[in-house]
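Beneath this line is the structure, given in structure tokens, with notes to follow.
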Amino acid sequence: MTTNLDKPPHFIQQIINADLAANRVDKIITRFPPEPNGFLHIGHAKSICLNFGLAEQYGGICNLRFDDTNPEKEDQAFVDAITADVKWLGFEWEGDACYASSYFTQLYEWAMYLVTKNKAYVCELNAEQMRAYRGTLTEVGTDSPFRDRAASESLMLLDKMKIGEIDEGAMTLRAKIDMSSANINLRDPVLYRIKKISHQRTGDTWNIYPSYDFAHGQEDAIEGVTHSICTLEFAANRPLYDWFVAHLPVPSEPKQYEFGRLNLNYTVTSKRKLKLLVDEKHVAGWDDPRMPTISGLRRRGVSAQAIRNFCDSLAVAKTDGTVDVAQFEHFIRDDLNVNAKRAMCVIKPVLVRLTNTSDITLSTITAPNHPNNELMGHRNIPFSEQIFIDRADFTEDTSLSRKKFKRLVIGDYVRLRGGYIIRADEVIKDNAGAITEILASVVPNTVGKDAPEGIRPRGVIHWVDAKTAKNCRVNLYDRLFSVADPDAGEGHFLEYLNPQSLIKVTGCKVESDLALAVPGDYYQFEREGYFTRDICSDDELVFNCTIGLRDSWKA
RNA sequence: UGGGGCGUCGCCAAGUGGUUAAGGCAACGGGUUUUGAUCCCGUCAUUCGGAGGUUCGACUCCUCCCGCCCCAGCCA
């Protein structure tokens with residue numbers, strides 16, 4: 001387990017410490033502000049852990065706020081999924097979730113206020129014209145011909161926009177700042193645009209909706225947010241954020257800080273791209289276990305604790321690097337190793353018939369649920385003269401050394417995990433030459449005991465009793481993308497999808513008790529990896545492989 | 001190109017003028033082990049994008065250069 005107790009404060013903590021010391025703030029308020037236009041992914045988890053974590057650390061609060069300013073892309077289903085995901089990650093907010101749409105009336109009043117103060121105007125330039133007037137990175141912009149219209153006229157037109165009398169795209173409300181600013185965001189940005197679309201929360205009340213820039217800082221101010229933390233790409237919006245806070249009679253003065261978003265190799269963490277994967281059905285949905293979404297990871301069998309530990313291991317800094325997925329995988333295994341119950345599942349079964357039945361004195365074998373934690377208890381596993389072992393755990397090649405092949409070989413011994421030591425005697429094949437069963441004999445009285453003198457098992461293999469085994473399907477997953485940076489190549493990121501990212505294996509055999517497994521129960525199928533039961537609706541018993549065990553075996 | 005931001009081990013990263021340049025991941029050795037897992041021990045930057053300069057002393061300060069990211073939606 002890792003602890004962060006001795007971690008030095010990151011730059012945002014340093015800012016908060018300084019603010020607290022200088023009495024600039026007395027209670028820390030942060031917020032996690034997703035737009036409900038998709039599912040949350042691992043990148044959001046970093047932001048969630050940061051914002052809720054800071055509130056927790058400083059005894060403040062963190063709001064969950066839906067930034068629902070664009071009904072075109074948003075949906076109540078996303079609000080519900082996001083809410084569930086944040087809760088599942090283990091975070092709580094005070095009272096109800098907040099919504100930008102709750103502040104629409106206040107925002108509108110502030111828009112009128114700006115017009116009255118001659119700081120905003122209704123512009124009739126269309127999108128194309130506005131782009132031309134905006135200038136470029138190196139050329140200053142040109143004032144809109146509507147820039148100096150009377151406030152009273154703008155007020156009148158704004159009202160018409162609001163009540164639906166103006167066509168979409170025909171007018172916008174713009175701030176009057178500086179068309180020659182080196183920061184393009186300050187060249188008279190749009191505050192309101194006309195969208196005659198009903199909103200999931202406000203219905204048809206509005207025909208105009210505030211832009212991100214006009215909404216975000218004011219939302220923070222209304223909620224008393226002290227430290228508004230966002231990702232690096234918003235740094236250029238900060239002067240605008242500050243401009244609104246300075247020019248509006250807002251109830252508080254929040255400050256924006258930017259940190260580097262999480263990038264993971266072999267993964268895409270962009271809502272737009274994840275949406276494309278879903279919409280074009282390259283995956284089964286937002287919660288497909290191959291998706292880096294919170295719901296996908298949950299379904300895959302990654303624990304909330306593992307995600308939090310991983311996020312806490314990440315740096316909060318202003319660099320935009322790419323973290324190796326191996327680091328995430330480390331924290332997934334780190335948590336599951338401690339918390340997952342052990343069980344056995346044979347993925348590619350081959351029957352082993354134990355011929356010296358009179359030497360089998362046990363019909364049940366007691367095995368610990370965890371090798372290093374007595375507290376996790378024991379279970380009784382049925383045992384009989386017919387068992388399944390994995391095809392890969394047997395070879396007819398008797399030339400392989402003990403060190404090279406620590407599994408079953410004719411004439412040699414192996415330990416059945418938790419049970420007897422057995423020796424393979426003979427292979428039975430069908431007409432096609434395929435192995436149908438292996439004949440073996442147990443070494444009497446070896447359960448729970450060291451190997452008798454003169455017998456050295458090659459290794460330990462897992463098994464399942466054939467008579468009581470339950471059939472199941474196992475979903476084996478590989479990375480969704482076959483290249484480290486799907487966005488870097490010449491082609492579109494979809495060209496780098498890994499065709500082998502999901503392999504469904506049927507006819508697997510698990511311990512009978514596993515039929516009772518429930519999604520959210522974590523198991524380690526010994527010598528294979530970590531698994532959890534899939535949430536698929538049918539009655540079929542399906543396990544998702546969360547991640548394999550580390551394997552340092554060099555063949 | 002104008003503006004903003006960033007460059008320390010394969011990856012992430014601490015470092016805020018005097019440290020033997022933390023730590024994690026990965027990798028590689030070795031030990032324990034009824035999971036080729038876990039666990040344990042060890043190895044892994046004479047060097048901080050580059051070049052100058054200031055200083056007794058620089059990853060930390062200055063100058064110039066190089067590289068990467070973000071901004072020209074009525075997206076967020």
Side-chain angles (χ1 to χ4, degrees), chain A residues 2 6-8 10 14 33-35 37 67 69-70 72-73 123 125-127 130-132 134-141 168-174 181-187 189-195 208-209 211-213 215-216 230-239 258 260 262 265 271-272 313-315 317-331 333-334 337-338 342 344 367 370-372 403-407 414-419 421 446-451 457 459-462 484 524-529 548-555:
Chain A
T2 48
D6 47 3
K7 266 184 119 177
H10 59 242
Q14 290 176 24
E35 183 189 12
N37 65 347
D67 211 0
T69 57
N70 184 1
E72 212 166 314
K73 300 179 170 182
C123 179
L125 253 26
N126 64 32
M130 200 181 292
R131 192 182 321 122
R134 187 155 34 226
T136 68
L137 294 179
T138 50
E139 296 164 297
V140 298
E168 282 190 23
M171 293 183 191
T172 56
L173 181 72
R174 293 225 263 164
S181 172
N183 182 341
I184 293 178
N185 294 294
L186 262 21
R187 319 242 262 230
V190 170
L191 273 42
Y192 271 98
R193 68 289 213 205
I194 300 167
K195 280 180 192 285
I208 57 174
Y209 293 94
S211 63
Y212 163 83
D213 286 304
H216 208 93
C230 61
T231 43
L232 252 25
E233 67 268 27
F234 290 100
N237 298 59
R238 182 171 6 102
E258 310 89 23
L262 169 66
N265 60 13
K271 238 192 253 176
R272 208 200 97 241
S313 82
L314 267 13
K318 306 190 79 142
T319 42
D320 49 0
T322 300
V323 176
D324 193 334
V325 283
Q327 187 165 332
F328 186 28
E329 292 170 346
H330 163 79
F331 284 98
R333 291 193 181 98
D334 188 50
N337 174 50
V338 173
R342 309 292 122 126
M344 292 192 284
H370 192 109
N372 314 317
K403 193 167 166 99
K404 191 103 177 162
F405 193 76
K406 303 165 78 164
R407 310 175 185 191
V414 86
R415 163 82 72 178
L416 294 178
R417 177 66 163 160
I421 291 171
T446 47
V447 178
K449 296 191 173 66
D450 289 342
V460 179
I461 63 171
H462 57 103
Q524 182 197 100
F525 289 167
E526 292 195 88
R527 300 210 311 132
E528 293 289 359
L549 258 25
R550 269 186 55 133
D551 187 2
S552 57
W553 179 38
K554 298 170 289 281

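To find a chain, count down the sequence lines: A is the first, B the second, and so on, and within it residues start at 1.
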Using only modelled atom types and a 3.5 angstrom limit, is any donor from either the side chain of A:Arg415 or the base of B:U34 paired with an acceptor on the other? yes
Pairwise [atom1] distance, [M] and [N] [rounded to whole Å]:
N     : M     : atom1 : result
B:C28 : B:G10 : P     : 16 Å
B:C65 : B:C25 : P     : 41 Å
B:C75 : B:G23 : C1'   : 40 Å

[X] side-chain proximity, nearest of [options]:
X        : options             : value
A:Arg134 : B:A76, B:C71, B:A72 : B:A72
A:Ala235 : B:U35, B:A76, B:G4  : B:G4
A:Arg417 : B:G2, B:U34, B:C75  : B:U34
A:Asn70  : B:U38, B:C75, B:C74 : B:C75
A:Asp67  : B:A72, B:A76, B:U35 : B:A76
A:Thr138 : B:A72, B:U1, B:C74  : B:U1
A:Gln524 : B:U35, B:A27, B:C12 : B:U35

Using a 4.0 Å heavy-atom cut-off across all strands, classify [X] as base, sugar-phosphate, or nothing.
X        : answer
A:Ala326 : sugar-phosphate
A:Leu137 : base
A:Arg527 : base
A:Lys318 : sugar-phosphate
A:Thr446 : base
A:Gly459 : nothing
A:Arg407 : base
A:Thr69  : sugar-phosphate
A:Asn126 : base

For [N], does either OP1 or OP2 sit under 4.0 Å from a side-chain N or O belonging to [X]?
X        : N     : value
A:Arg550 : B:U35 : no
A:Arg193 : B:A76 : yes
A:Ser552 : B:A37 : yes
A:Arg187 : B:C71 : no
A:Arg333 : B:A37 : no
A:Arg342 : B:U34 : no
A:Arg238 : B:G3  : no

Let me know the distance between [atom1] of [X] and [atom2] of [N], rounded to the nearest Å.
X        : N     : atom1 : atom2 : answer
A:His330 : B:G24 : NE2   : C1'   : 7 Å
A:Leu186 : B:C71 : CG    : P     : 16 Å
A:Phe234 : B:C75 : CZ    : P     : 14 Å
A:Glu528 : B:U35 : CD    : P     : 15 Å
A:Arg272 : B:A76 : CZ    : P     : 16 Å

Problem set entry | Residues that A:Lys406 engages under side chain to side chain donor-acceptor pair (under 3.5 Å), provided they are two or more places apart |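 Not a single residue meets the side chain to side chain donor-acceptor pair (under 3.5 Å) criterion with A:Lys406.
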Sequence neighbours excluded, the answer for ring-ring contact (aromatic ring centres under 6.0 Å, His included) partners of A:Phe525 is A:Phe531, A:Phe543
Original post:
Mind checking who B:U63 pairs with, Watson-Crick or G-U wobble, both distances under 3.5 Å?
Top reply: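 B:U63 is paired, partner B:A51.
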task: Kindly state whether the pair A:Tyr212 / B:A76 counts as stacked, where counting means centroids closer than 5.5 Å and planes tilted less than 30° apart.
output: no
For this session: Verify salt bridge (Lys or Arg N to Asp or Glu O under 4.0 Å) between A:Lys195 and A:Glu72, making sure each step is shown before the conclusion.
Result: CA-CA 8 Å; A:Lys195 280 180 192 285; A:Glu72 212 166 314; 2.4 Å; yes
Readout for nucleotides 13-21 of chain B: B = base within 4.0 Å of protein heavy atom, S = sugar-phosphate only, - = neither; 5' to 3' it is SSSB-----
